[in-house]
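Just so it is clear, the model here is predicted, and its values are computed rather than measured. Quick note on labels: first sequence line is chain A, next is B, and so on, each numbered from 1.
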Protein chains: 2
Amino acid sequence: MPNKNTEEAIAELVALLPMFMRTLLEESTVKTAANLSTSEEKTLMYIHKHEGRSMGEYSKKVGLARGSFTAVADSLEQKKLVKRVSGPDDRRKCALVLTEEGKKIAREIDARFKQQIAARLAQLGEEDLNNLKNALEIIAQIMEKLNDQ
Amino acid sequence: MPNKNTEEAIAELVALLPMFMRTLLEESTVKTAANLSTSEEKTLMYIHKHEGRSMGEYSKKVGLARGSFTAVADSLEQKKLVKRVSGPDDRRKCALVLTEEGKKIAREIDARFKQQIAARLAQLGEEDLNNLKNALEIIAQIMEKLNDQ
DNA sequence: ACCAGATATTTAGAATTCTAACATTTAGAT
DNA sequence: ATCTAAATGTTAGAATTCTAAATATCTGGT
C-alpha cells in the first residue's frame, strides 16, 4: 500500500506549514493606521476580496468560532470600518460591507502584508521563487478539489 | 521586474494556507485520552520529535508568546506528562522532557493527527497525492533556506 | 396552517493567549 | 573585576477566543 506512506509523509509536511507562515511573517512589528487585532485585519482583508457575505462565512474564513466573530464584527463596526446589512432574502443572516475608511485600511493592510513577504522572499533566487509559486499553486488547486467534495 | 509579480502571487497564495490546514483538519471532534488543549497537544508532539530543548524554543515552534508558554508547561507538568530540567550549561534555561505517560499520549496524538489527514486525503487520486507531497517538500526545503539565513 | 428540526447570530462565562514589567543569568567590552 | 546590554523564564492584568445555551428565522413535511 504505497499511498499509506505518501499520506503519512504529507501529514508530517503539513505540520510544518504554520512554521512556514511564521517564517515569512516574522518580526512584523509594523503597525497600520488603525489599531486592529489580527482577526480584525484578517476580516477586513477577506471582506475586501469578497464583499457582502454572511457573518458565518467570514468567521470560517478568518478561522474563528461563530461566537467569537460577533465581537470582531462589533469592534469593526464601532470603528466605522464595516457595516452590518441584514440580508433581504434571509433575515437571520447579516452581511458585512466595508465603509470607505474600511476599504482604505484594507488596502493598507494588504500592501503591508505583501511587502513583508516580499522582503523575506528577496533572499531567494529566481528559481526558488518560481518553484515556490508553483508549489503553492498546486496546493491551492488541491484545496479547491477537497472543498468541492 | 518580473519577480515583483511572482512575489505578489506568492503572498496571495500564502494567505490561503491557513484555510488549507483547516480543510485538512476540519471536524476534528475526536478527543484523545487526556483532556489537552491544542497548544498542549502541539507541545507534546514537538517535544516528542525533539526532546530536551529549551522552553523558549518550544514556545516558538508551538507559536506562542514566551509568557503564554509558561502556563502550558505548568499544566503539562502538573498532569505528569512533562518534566522541567534546569539546564546545566545555562542556568537561565529550562529543558523539557517527556515522562513515559507523556510519550504514550504523544504517540496517540500523532496517530490521530495522521489518521485525520489521511481520511481527508482519501478523496484524492494517486497523482494528486504525489503532486501534493512534492509541493509540500519544496516548501519545506525553501523554508529551511529562509531559516538558515 | 402548523410543527419539528436545521440554520444564523448573539450572549455569558470559562479558557487561552498577549503584552509589558520583572528577576536572574549570561556575554562582551572596558 | 565591573559594567552594560541581551537572553531566559515568570508574573499579572488585559485582550482574545472558545464552548454551550438562548433567540430568532427558515425549511420541509403533514
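- Within the structure, salt bridge (charged side-chain N to carboxylate O under 4.0 Å, His left out) pairs that include any residue of residues 61-74 of chain B comprise B/D74-B/R84 (at least two apart or interchain).
- The side chain of B/R66 places no N or O atom within less than 4.0 Å of a non-bridging phosphate oxygen (OP1 or OP2) of C/dA21.
- Atom CD in B/E40 sits about 12 Å away from atom P in C/dA15, given to the nearest Å.
- Within the structure, salt bridge (charged side-chain N to carboxylate O under 4.0 Å, His left out) pairs that include any residue of residues 46-58 of chain A comprise A/R53-A/E57 (at least two apart or interchain).
- Rounded to an integer number of Å, the gap from CD of B/E77 to C1' of D/dT10 is 13 Å.
- When the P atom of D/dC26 is taken as reference, atom CG of A/D90 falls 5 Å away, rounded to whole Å.
- Closest non-hydrogen pair, A/K60 versus B/R22, comes out as O-NH1, 2.9 Å.
- A/K83 pairs by the side chain to side chain contact (heavy atoms under 4.5 Å, CB included) definition with A/T99, not counting sequence neighbours.
- Counting only heavy atoms from C-beta on, B/L64 has its side chain closest to C/dC18 among C/dC18, C/dT26, D/dT19.
- Comparing the end axes of the helix from C/dA1-D/dT30 to C/dT30-D/dA1, each fitted to five base pairs by superposing C1' atoms of four pairs onto the next four, gives an inter-axis angle of 30° (nearest 10 degrees).
- Rounded to whole Å, the distance from NZ on A/K42 to P on D/dT16 is 14 Å.
- Protein atom CG of A/D74 is 14 Å distant from nucleotide atom C1' of D/dT16, rounded to whole Å.
- What you find for B/L25 and B/Q116 is that their closest heavy atoms are CD2-OE1, 3.7 Å.
- Within 4.0 Å (heavy atoms only), B/S39 reaches sugar-phosphate atoms of the nucleic acid but no base atom.
- The CG-C1' distance, from A/N35 to C/dT19, rounds to 12 Å in whole Å.
- Taking atom CZ of residue A/F69 and atom P of nucleotide C/dT7, one finds them 20 Å apart after rounding to whole Å.
- Not counting sequence neighbours, the partners of B/K103 by the salt bridge (charged side-chain N to carboxylate O under 4.0 Å, His left out) test are B/E100.
- Between A/G67 and B/C94, the residue anchored nearer the 5' end of DNA chain D, judged by the nucleotide with its closest heavy atom, is B/C94.
- The residue B/T70 sits close to a base: some heavy atom pair falls under 4.0 Å.
- Here the side chain of B/S59 pairs a donor or acceptor atom with the backbone of B/G56 at under 3.5 angstrom.
- With C/dT9, C/dT10, D/dC18 as the candidates, the nucleotide lying closest to the side chain of A/K93 is C/dT9.
- Looking at A/T23, its side chain does come within 3.5 Å of a backbone N or O of A/M19 through a donor-acceptor pair.
- Heavy-atom contacts from other residues, nucleotides or ligands closer than 6.0 Å to NZ of A/K79 number more than 12.
- Of the residues in residues 45-59 of chain A, none has a non-hydrogen atom less than 4.0 angstrom from any atom of DNA chain D.
- Listed pair B/R91 / C/dT24 fails the phosphate criterion, with no side-chain N or O lying under 4.0 Å from OP1 or OP2.
- No hydrogens or angles were tested; on distance alone, nothing pairs the side chain of B/R92 with the base of D/dT8 as donor and acceptor under 3.5 Å.
- Dashed line: the shortest gap from a side-chain N or O of A/S37 to OP1 or OP2 of D/dA15 is not under 4.0 Å.
- Across every non-hydrogen atom of B/S39 and B/V62, the tightest pair is O-CG1, 4.1 Å.
- Distance, B/R22 CZ to D/dT17 P: 12 Å, rounded to whole Å.
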